[in-house]
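Accompanying notes for the structure given below.
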Amino acid sequence: MKDTPEMFWTGLSPDEARKALVNKDKSMRDKTMTLKEAVDTFIHDGDNVGIGGFVDIRQPVAITHEMIRHGFKDLTLSFQSAGMAPDYLGAAMMIDPDHFSIKRLELAYWAHEAFGLAPMFRYLTERGLVEVEDWSNANMSSRFKAGAIGLPFIPTRGPIAGDVARSNRTKIIDCPFTHRPIALLPASNPDVAIIHVNAADKYGNCIIRGSECTCPEISMASAHTIVTCEQLLSHETITSLPKDIAIPFLGVDAVIEVPYGAYPGACRRSYYYSKEHIADLHRRTSVMCKTGSKDELQAYFDEYIFGVDDFSGFLDKIGVAELLKLKKLEAANCERLV
Amino acid sequence: MKDTPEMFWTGLSPDEARKALVNKDKSMRDKTMTLKEAVDTFIHDGDNVGIGGFVDIRQPVAITHEMIRHGFKDLTLSFQSAGMAPDYLGAAMMIDPDHFSIKRLELAYWAHEAFGLAPMFRYLTERGLVEVEDWSNANMSSRFKAGAIGLPFIPTRGPIAGDVARSNRTKIIDCPFTHRPIALLPASNPDVAIIHVNAADKYGNCIIRGSECTCPEISMASAHTIVTCEQLLSHETITSLPKDIAIPFLGVDAVIEVPYGAYPGACRRSYYYSKEHIADLHRRTSVMCKTGSKDELQAYFDEYIFGVDDFSGFLDKIGVAELLKLKKLEAANCERLV
Amino acid sequence: MTVSKDYTAQEIIIVAGAKVLEDKRVVFVGTGLPMVASLLAKMTHAPNLIPVFEAGAVGPHLTVGLPVSVGDSKTFTSASYVKGLNSAFEMTQRGFADYGFIGGAEVDMYGNLNSTMIGDFPDGYQKPKIRLPGSGGASDMAASCEKTILIVPHDKRKFSAKLQYLTSPGHLDGSKDARWKAGMQGSGPYRLISTKGIFDFEEESHRMRLLQTFPGETKESIQAETGFELLFADNVTAFAPPTVEEVRLIREEIDPTGIFVKRA
Amino acid sequence: MTVSKDYTAQEIIIVAGAKVLEDKRVVFVGTGLPMVASLLAKMTHAPNLIPVFEAGAVGPHLTVGLPVSVGDSKTFTSASYVKGLNSAFEMTQRGFADYGFIGGAEVDMYGNLNSTMIGDFPDGYQKPKIRLPGSGGASDMAASCEKTILIVPHDKRKFSAKLQYLTSPGHLDGSKDARWKAGMQGSGPYRLISTKGIFDFEEESHRMRLLQTFPGETKESIQAETGFELLFADNVTAFAPPTVEEVRLIREEIDPTGIFVKRA
């Protein structure tokens, strides 16, 4: 019915994704480790990285900081709508592409809603430094879902007409039941998922408050999953309400307790956004976009990422007052005692 | 790749299902009514009825009793695995097909696991009194899911080879991405869903404990949904933990508080199975299968269904001791204070 | 109701957007002005409006303040359902969303929208002149909400004869049943609200048609700032300016800190 | 370990089934004897076995007793995940289930199973001689679990040259890559446990092959009760009878009220 781009798989093909799971140790075992160990073990150059959260909620910020300290080449980033996580990774590429580079983006949206555009996205795309494949939010969410449930594709009634479906690997067929056109979306099975959640046990059973975004789907779709959590709880506490578990231990490979691990983004029940911190990073990035000078952006990275050993070092620089302020704002959002 | 049965839709076609929703009042309004009103308003002769629960857990028994008192003709019953609900409806047809009749079954399984076969199923099928379309549990669950999410079909890697896919409207195509065969299952959009849940508010927001079975999918797929609940709670209480809501008010048309509404089946946190009551109904049905005499089965219906005005009349005949015994057993299953 | 003499272009858009919404309907709310318009509708003629947000919240009462994101924690408190993105879009695909608000950087005469890129598609797709954020959920809402309400600031380049990229499908080429034939659901663009007036799409041609002018605008002034030929309703009327009370609600009750509504 | 002199046909099946299961693996547990076998495995050599039930429970510790149904409340207490049927089957389709137990009223030499009907398919489908319960989740497990373990009581009519209905796909016609070519995942039937012995499926032909005989049986006695020609492993061994402790665990700890395991 139309020319579709040539088919290829990024991350794992459906058959590779199945094989990866068959051969995997699925046992209920202690998966706690340091974030450095997790990033070093489960992320590799060239990987397709599935990013959890949505815009600036529950973005896996601490994991991106550790990835930047580590350095990676030629990553593919897959997400529906994201802000802070690709911001950090994109800015890292802007200041030193030899240390950290993104090859490709499969996405629906990279910006910050009320907090404005992502200058990193404009910088990388308008200079042609990354490949882009545009999808919609429902497209990307469905692609992760297809990957999570072992299907090679999933149908959608979504943006079947227009240029989105022409920018990507969507295939449009005649529905064999209704004989109307329907779009088929190829599954996404990333090599590794990076996810921040509210609580987890050491086996990787995760509780998410507020929107689950597409985190369960990305975790179950990926060959490996790194989870940071606000709170590490006992298995007995986590399973006392089994229906609260959004991601079962089977979908998780590494668990790290990182309070405020999504800061300066928000995490329901724990903290609201730091609009100011986000704006500061964007301002420094915009300077580089406009003047070509990376000094201010480099200074941010030197202070907050390269200048600390881990995310607790970053939080020390942010300071207690800021963190308590955001905690208080979030308690009001939730109308609850903390 | 193979001959597939001719395509037709039972219940609503995908396009009809969409239209039914577009024209529907979706407002948050008081949907409480009597079960008699609900059955009279939302179920009609010839309807495709989607049955919630699984085998003998959370079967909508009270609703089936009211349906039998009302009398219906030529129903299609759609479910994955069910026990007590089709048992009652099937037995009603056995004793008086002029008052109550089933035309067709779309199902994966009708029996009782540890509690044995369903003699009603054997009676109706071995005499050729109902049309049957066999599917698997994942097939039926996926078909309801496709209906719930507005898709005309959903792919599956399930029993693509063998006779199940030859018994039904599955279509097998070459996957346009992997070029391996894949099965496509047509959506199921029943005319009406009958569902029993743990708790609901008057708008129809439902909380389910233990397995959600396929209840959310069936509710969202159907043109109308009748929900009975163990406990009617305030909107504020139900929404104080929004993530516990398994079915939103948008998917519900009638809400009736019916404690023990799944008895003699089980309902997590509330009561365990009554193996004895189930066995008694089966024994009476088996007599009719073997001897042709419907007296014992008729006596059951006369006493427990036609002889009472509503489900509370049935419970009165069951008696307090039995209900308290099953409640106590279930508390032990859940390891919790009641 | 006293007419306000002190309102901004954003505020008249918000008031117009609110008025399009019927009470007791489900509205899929995008970020920004649609949130403010939906809250204003709820506080005025549509107290039982049901908002749905794409991160997954259904029907929150929004008593804890204006969300800054469609995934904001404020959308989950008192919600009647919270799963994730798939659930929100699946419900919409099923037919549960009566209205959806969408915006874009460009719109054409059939209500198609661009929020992806300025430049040459497909040849310049990998190196656009200006890269916009991308579809997000806009193209999904455009495909599957029953009716969509478009919000686009009015200028000649934004109201374009030919989009540089078609992100969110409207009435496509305007031909009969074009959306249906393409495989989509929903009846497509229902209203467009710009900084100059309110438009619908004529039943046969599906072309943009001026219904109401905002204060200070005329058919001619609006056509002059539009990059294609507009249709005009038989009876183009003047849209009443916001009332003092509406402006007060926006500034004092809904967005007191100016998250989306700028004072200037 | 003392060998028991007092065990039933069900009990030796349970012991054999338990022994097939490796520790730390995921087993999709069907109703009946597979539940007892999985619990026995957990209590003996496989304490970290992970049971999955098709109503949706993943990894419960099963400390509140033997479930009577795969949707029994006992499966949810202490579970690590509970959604519904779709989630359980989706996980299996994805590849999370290492083993699945399935049964049937008929099995053929390639491990295909019938649990739907006795009669003439397709002509007599709408009026079968004997109507069985139907697939339930069996055909899904057969298609998508990585390895399946079949449990079928041994008699000549049940071990049939030609199934009257193929519910749960095994090795299909036994040809090379038949399952793969048909579009399924999983390597198919891995073991079959009958009331007479333990079988695998030969690598090339995918035909049923006797590995071990239960006490009192020989190659010949088993072939005599099988409706097709069996293959025999090079070294057919005798399966050790259940131990006193295994029988005690089954009767006293796992199924004290005889839900699935009959005393006779």
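Below, chains carry the letters A, B, ... as their sequence lines are ordered, and counting in each starts from 1. The structure displayed is predicted, hence computed values, not measured ones. Both backbone and side-chain heavy atoms feed into the values below; hydrogens, waters and symmetry mates do not.
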Check: Can a salt bridge be assigned to the pair A:K145 and C:E90 using a cut-off of 4.0 Å between side-chain N and carboxylate O?
Finding: yes
Margin query: Is there a side-chain hydrogen bond (donor to acceptor under 3.5 Å, both in side chains) between C:T75 and A:R268? Walk through the geometry before answering.
Written below: CA-CA 11 Å; C:T75 68; A:R268 181 160 172 88; over 6 Å; no
Next item on the list: Give me the contact list for residues 140-148 of chain C versus chain A, heavy atoms only, anything under 4.5 Å, ordered by residue number.
Entry: C:D140, C:A143, C:S144
Item checked: Gap separating the CE atom of C:M184 from the CD1 atom of A:I182, nearest 0.5 angstrom -> 12.0 Å
Notebook entry, point to check: Would you say the side chains of A:S167 and C:Y165 form a donor-acceptor pair under 3.5 Å?
Noted result: yes
Check: Is chain C contacted by the side chain of A:A161, its backbone, both, or neither, given a heavy-atom distance below 4.5 Å?
Finding: both
Item checked: Contact winner vs chain A - C:G56, C:P133, C:P128, C:G134, heavy-atom pairs under 4.5 Å -> C:P133
Item checked: Derivation and outcome, side chain to side chain contact (heavy atoms under 4.5 Å, CB included), residues C:Y125 and A:R166 -> CA-CA 11 Å; C:Y125 174 54; A:R166 290 174 65 207; over 6 Å; no
Margin query: I need the minimum non-hydrogen distance between A:R122 and C:I130, along with the two atoms involved.
Written below: NH2-CG2, 3.6 Å
Next item on the list: Sort A:R58 into side chain, backbone, both or neither according to what part of it lies under 4.5 angstrom from a heavy atom of chain C.
Entry: neither
Item checked: Region of C:A57 that comes under 4.5 Å of a non-hydrogen atom in chain A -> neither
Checklist line | Rounded distance (nearest 0.5 Å) linking atom CG of C:N114 with atom CG of A:D163 | finding: 8.5 Å
Check: Non-hydrogen atoms of chain A under 4.5 Å away: do they reach the side chain of C:F89, the backbone, both or neither?
Finding: side chain
Check: Short question: side chain of C:R131, backbone of A:E126 - any donor-acceptor pair under 3.5 Å?
Finding: no
Margin query: Please check: side-chain N/O of C:S73 versus main-chain N/O of A:N333, any donor-acceptor pairing under 3.5 Å?
Written below: no
Margin query: I need the minimum non-hydrogen distance between A:E335 and C:T63, along with the two atoms involved.
Written below: OE2-OG1, 4.3 Å
Next item on the list: Tell me, for C:D72 versus chain A, whether the close heavy atoms (under 4.5 Å) come from the side chain, the backbone, both or neither.
Entry: both
Check: Are side-chain heavy atoms of A:R180 and C:W180 found at a separation under 4.5 Å?
Finding: yes
Check: Of all of C:F260, C:F76, C:F53, which one pairs up most often with chain A through heavy atoms under 4.5 Å apart?
Finding: C:F76
Next item on the list: Among A:G158, A:C213, A:G128, single out the residue with the greatest number of heavy-atom pairs under 4.5 Å to chain C.
Entry: A:C213
Check: So which part of C:Q93 gets closer than 4.5 Å to some heavy atom of chain A, the side chain, the backbone, both or neither?
Finding: side chain
Item checked: Between A:P216, A:S211, A:C334, the one whose heavy-atom pairs under 4.5 Å with chain C are most numerous -> A:S211
Next item on the list: Using a cut-off of 6.0 Å, state whether more than 12 heavy atoms not belonging to C:E203 lie near its atom CD.
Entry: yes
Next item on the list: Would you mind telling me which of C:P169, C:G71, C:A178 has the largest number of heavy-atom pairs within less than 4.5 Å of chain A?
Entry: C:G71
Margin query: Quick check on A:F144 against chain C: is it the side chain, the backbone, both or neither that has a heavy atom closer than 4.5 Å?
Written below: neither
Next item on the list: Give the member of A:D134, A:L129, A:I57 that has the highest number of heavy-atom pairs under 4.5 Å with chain C.
Entry: A:D134
Next item on the list: Using the side-chain hydrogen bond (donor to acceptor under 3.5 Å, both in side chains) rule, pick out the option among A:Q80, A:E217, A:E212 that qualifies with C:N86.
Entry: A:E217
Note to self: Can a side-chain donor-acceptor contact be found between A:E113 and C:S69 if the only test is distance below 3.5 angstrom?
What the structure shows: yes
Note to self: With side chain to side chain contact (heavy atoms under 4.5 Å, CB included) as the criterion, how do A:F54 and C:V70 come out once you've worked through the C-alpha distance, each side chain's angles and the decisive distance to 0.1 Å?
What the structure shows: CA-CA 9 Å; A:F54 174 75; C:V70 293; 3.5 Å; yes
Notebook entry, point to check: Which one of A:A111, A:A246, A:A138, A:A114 has the most heavy-atom pairs closer than 4.5 Å to chain C?
Noted result: A:A138
Note to self: If only side-chain N and O atoms count, and only distance matters, is there a donor-acceptor pair under 3.5 Å linking A:R157 with C:T92?
What the structure shows: no
Check: So what's closer than 4.5 Å to chain A heavy atoms on C:L85: side chain, backbone, both or neither?
Finding: both
Item checked: Interface moiety of A:T178 toward chain C, non-hydrogen atoms closer than 4.5 Å -> neither
Note to self: Is C:V82 in contact with chain A via its backbone, its side chain, both, or neither, using a 4.5 Å heavy-atom distance?
What the structure shows: side chain
Check: To the nearest 0.5 Å, what is the distance between NZ (C:K83) and OG1 (A:T214)?
Finding: 14.5 Å
Check: With a 4.5 Å heavy-atom cut-off, do A:Y272 and C:V68 have their side chains touching?
Finding: yes
Checklist line | Part of A:T125 within contact of chain C (heavy atom distance under 4.5 Å) | finding: both
Notebook entry, point to check: Between OG1 of C:T31 and CZ of A:F115, what distance do you get to the nearest 0.5 Å?
Noted result: 9.5 Å
Item checked: chain A contacts, top residue of C:G65, C:G136, C:S87 (heavy-atom pairs, under 4.5 Å) -> C:G136
Next item on the list: Tell me, for C:L163 versus chain A, whether the close heavy atoms (under 4.5 Å) come from the side chain, the backbone, both or neither.
Entry: neither
